[in-house]
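Keep in mind that what you see is a predicted model, and the values were worked out from it rather than measured.
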Number of protein chains: 2
Amino acid sequence: MVAYTSEHPPFFVTVDLVILTLREGTFAVLLVERGAEPFRGRWALPGGFVHVDEDLMDAAYRELEEETGVGGDAVHLEQLATYGAPGRDPRSRVVSAAYLAVGADLPEVRGGSDAADARWWPVEEALGLDLAFDHRVILEDGVERARSKLEYTDLALRFVPARFTMPALQGVYEAVWGTALDPRNFARKVTRTQGFVRETGEERRGGRGRPARLLEAAGAETLLPPMMRD
Amino acid sequence: MVAYTSEHPPFFVTVDLVILTLREGTFAVLLVERGAEPFRGRWALPGGFVHVDEDLMDAAYRELEEETGVGGDAVHLEQLATYGAPGRDPRSRVVSAAYLAVGADLPEVRGGSDAADARWWPVEEALGLDLAFDHRVILEDGVERARSKLEYTDLALRFVPARFTMPALQGVYEAVWGTALDPRNFARKVTRTQGFVRETGEERRGGRGRPARLLEAAGAETLLPPMMRD
DNA sequence: CAAATAGTGTCTTTGAGACATTATCCG
DNA sequence: CGGATAATGTCTCAAAGACACTATTTG
């Protein structure tokens, strides 16, 4: 940290959000269609400028709630990385702190204040789009972070409501990793990982087939041993 | 990303560095003593303002070389996290991207352009200091990142020269994790992890005791299975 | 030959992966 | 009672952890 003088250049600081959820069993990300230049008409991650007296994570929460209507505890939010290449925004020097958000069954969205349109995309499709700015890299980093954190943290529980079934939890791992898992090995693994999930004693009836037992989080944030994807 | 107007507030952007190495077998971090207000006389992480046309990581490399005289490939550098609470710098709104640097036997340093003094601290001692700004949190995050990355990446090899001995590598894990490891289990684990290390065929003689075989990196960046600390 | 350091093998336990059938409900 | 979904047990193999002695060098 060198001595402060007014010679140091000013930057704009934004937050960008990689908001992930499961929609009807599919791993999905929220994108907005840009309604203004630059990149007008291109899909982008939701985000916006940080306010003068606002912490970065507060700005991320604010943008998250503006875009999805969901806030606070209902959604997991963590910092992903910060992107600051000169020229990443053609207008001026903008440094963006990217955040990863994960929630269960986040609501449908349409349009928004300044976005032409907004909607959930299957992650695989979104990765194939020509996104605005450097948002493709940010999206890739966010998806990889989520995939990786399924292994050694309880992040999978954020994709699912407070009470959930074993097949639903297995579905999270399968959708996010894009792999099929054996239900016997999966249940054994989840059950034996101390503090991961707990039986509620209740069942979910009403669907076809045998009722599923409802589980809930048991508090551990770190999974020992981890769930391995290989 | 909302429409751009000149109403958005300007920020200063800095990089701060958590530079870690092993000095005589001890896990150490480089700190500088501040020579100017604010926090004059307090120890801080090295760092500085990002230039107008400079990427964040380039700024981190520049500061790293200014502080240690070491640059380029010799040192591992990765982004840690970004800290932007209002008031974290009492002068103005400063957002800092923190980077983690790891190198083998980094050189002794004394003083510097704007720092009153600079020296290597054992990490445990540094964590007990009353550091400037929010640098204690940044240091904690950097140390935890390094500890964690020893598990599942080849980061341990960055603490050691290109050719090294098995006991030296074990010493990295022991110093960074602060634990003692069994040399038989350690050697078996390292040897059986595909692509982690390879024999060079050479030995290091000249010390007391049996000469040690020299190893080198075998290319894998990810360790499968990981080294576990528990 | 003593002191220092490097290097190694076995046993036991735990978890991972492969694999198919039974249980319960609804219509 | 047929279709749909949930739940579960065993065997084999791989890796982890505990544990102590031998090998090679220098002074």
Side-chain angles (χ1 to χ4, degrees), chain A residues 24-25 150-152 156 160-161 163-175 177 179-216 220 222-230, chain B residues 24-25 150-152 156 160-161 163-175 177 179-216 220 222-230:
Chain A
E24 287 151 29
L150 287 197
E151 291 190 301
Y152 61 92
V160 125
R163 295 189 308 160
F164 54 89
T165 67
M166 187 67 77
L169 185 60
Q170 181 175 338
V172 172
Y173 281 89
E174 292 183 327
W177 285 348
T179 58
L181 299 172
D182 180 279
R184 292 162 292 190
N185 294 339
F186 182 81
R188 179 186 58 197
K189 184 84 207 284
V190 167
T191 305
R192 292 205 188 157
T193 299
Q194 283 297 323
F196 190 16
V197 305
R198 171 171 50 215
E199 300 260 351
T200 62
E202 292 175 86
E203 288 185 339
R204 167 172 327 163
R205 319 177 81 84
R208 281 179 294 279
R210 178 173 175 174
R213 295 206 283 253
L214 286 168
L215 309 172
E216 63 188 356
T222 302
L223 266 29
L224 285 175
M227 310 281 296
M228 288 306 217
R229 51 176 164 164
D230 289 300
Chain B
E24 289 152 29
L150 286 197
E151 291 190 300
Y152 61 92
V160 125
R163 295 189 308 161
F164 53 89
T165 67
M166 188 67 78
L169 185 60
Q170 180 175 338
V172 173
Y173 281 89
E174 292 182 326
W177 284 347
T179 57
L181 298 172
D182 181 279
R184 292 163 291 190
N185 294 339
F186 182 81
R188 180 186 59 197
K189 184 83 210 281
V190 167
T191 305
R192 291 204 188 158
T193 298
Q194 282 298 322
F196 189 15
V197 304
R198 171 170 52 216
E199 299 259 351
T200 61
E202 293 176 87
E203 288 185 338
R204 166 149 59 211
R205 319 179 80 84
R208 281 179 293 279
R210 179 174 175 172
R213 295 206 282 254
L214 285 168
L215 310 173
E216 62 188 358
T222 302
L223 266 29
L224 284 176
M227 309 280 298
M228 289 305 218
R229 49 176 167 168
D230 288 298

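Residue Arg213(A) places at least one side-chain N or O closer than 4.0 Å to OP1 or OP2 of dT8(D).
Judged as a ring pair (Phe, Tyr, Trp, His ring centres under 6.0 Å), and not counting sequence neighbours, Tyr152(B) has no contacts. Applying the side chain to side chain contact (heavy atoms under 4.5 Å, CB included) criterion to Thr200(B), with sequence neighbours excluded, gives Arg163(B), Glu202(B), Leu214(B), Glu216(B). Residues passing the side chain to side chain contact (heavy atoms under 4.5 Å, CB included) test with Gln194(B): none are found, sequence neighbours excluded.
Within the structure, salt bridge (charged side-chain N to carboxylate O under 4.0 Å, His left out) contacts touching residues 184-197 of chain B (residues at least two apart or in different chains) are Asp182(B)-Arg184(B).
What separates CD of Gln170(A) from C1' of dA6(D) is a distance of 11 Å, to the nearest Å. With rounding to whole Å, Leu169(A) atom CG is found 13 Å from dA6(D) atom P. One can place CD of Glu203(B) at 16 Å from P of dA23(D), the figure rounded to the nearest angstrom. To the nearest angstrom, P of dG27(D) lies 12 Å from CZ of Arg205(B). Rounded to whole Å, the distance from CG on Leu214(B) to C1' on dA6(C) is 12 Å. In this structure, the CZ atom of Phe186(B) is 16 Å from the C1' atom of dA15(D), given to the nearest Å. A straight line from CG of Leu181(B) to P of dG17(D) spans 9 Å, rounded to a whole angstrom.
Within the model, atoms CD of Glu151(A) and OH of Tyr173(A) stand 9.0 Å from one another, a figure rounded to the nearest 0.5 Å.
Contact of the Leu215(A) side chain with the Arg198(A) side chain is not registered, since no non-hydrogen atoms from C-beta on lie closer than 4.5 Å. In this structure, the side chains of Met227(B) and Trp177(B) come closer than 4.5 Å at one or more pairs of heavy atoms.
Of the candidates Leu181(B), Thr165(B), Val190(B), Leu181(B) is the only one forming a side chain to side chain contact (heavy atoms under 4.5 Å, CB included) with Gln170(B).
Contact between Leu169(B) and Ala156(B) at its shortest, heavy atoms only, is CD1-CB, 3.9 Å.
Remark on the helix from dC1(C)-dG27(D) to dG27(C)-dC1(D): inter-end axis angle 0°, axes from five-pair C1' superpositions, rounded to 10°.
Residues Arg208(A) and Pro167(B) both approach DNA chain C. Their nearest nucleotides, taken by heavy-atom distance, put Pro167(B) toward the 5′ side. Of the residues near DNA chain D, Ala212(A) and Gly209(B), the one whose nearest nucleotide (by heavy atom distance) lies more toward the 5' end is Ala212(A).
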Its contact letters, B for base, S for sugar-phosphate only and - for none at protein heavy atoms under 4.0 Å, make nucleotides 16-22 of chain C read BBBBB--
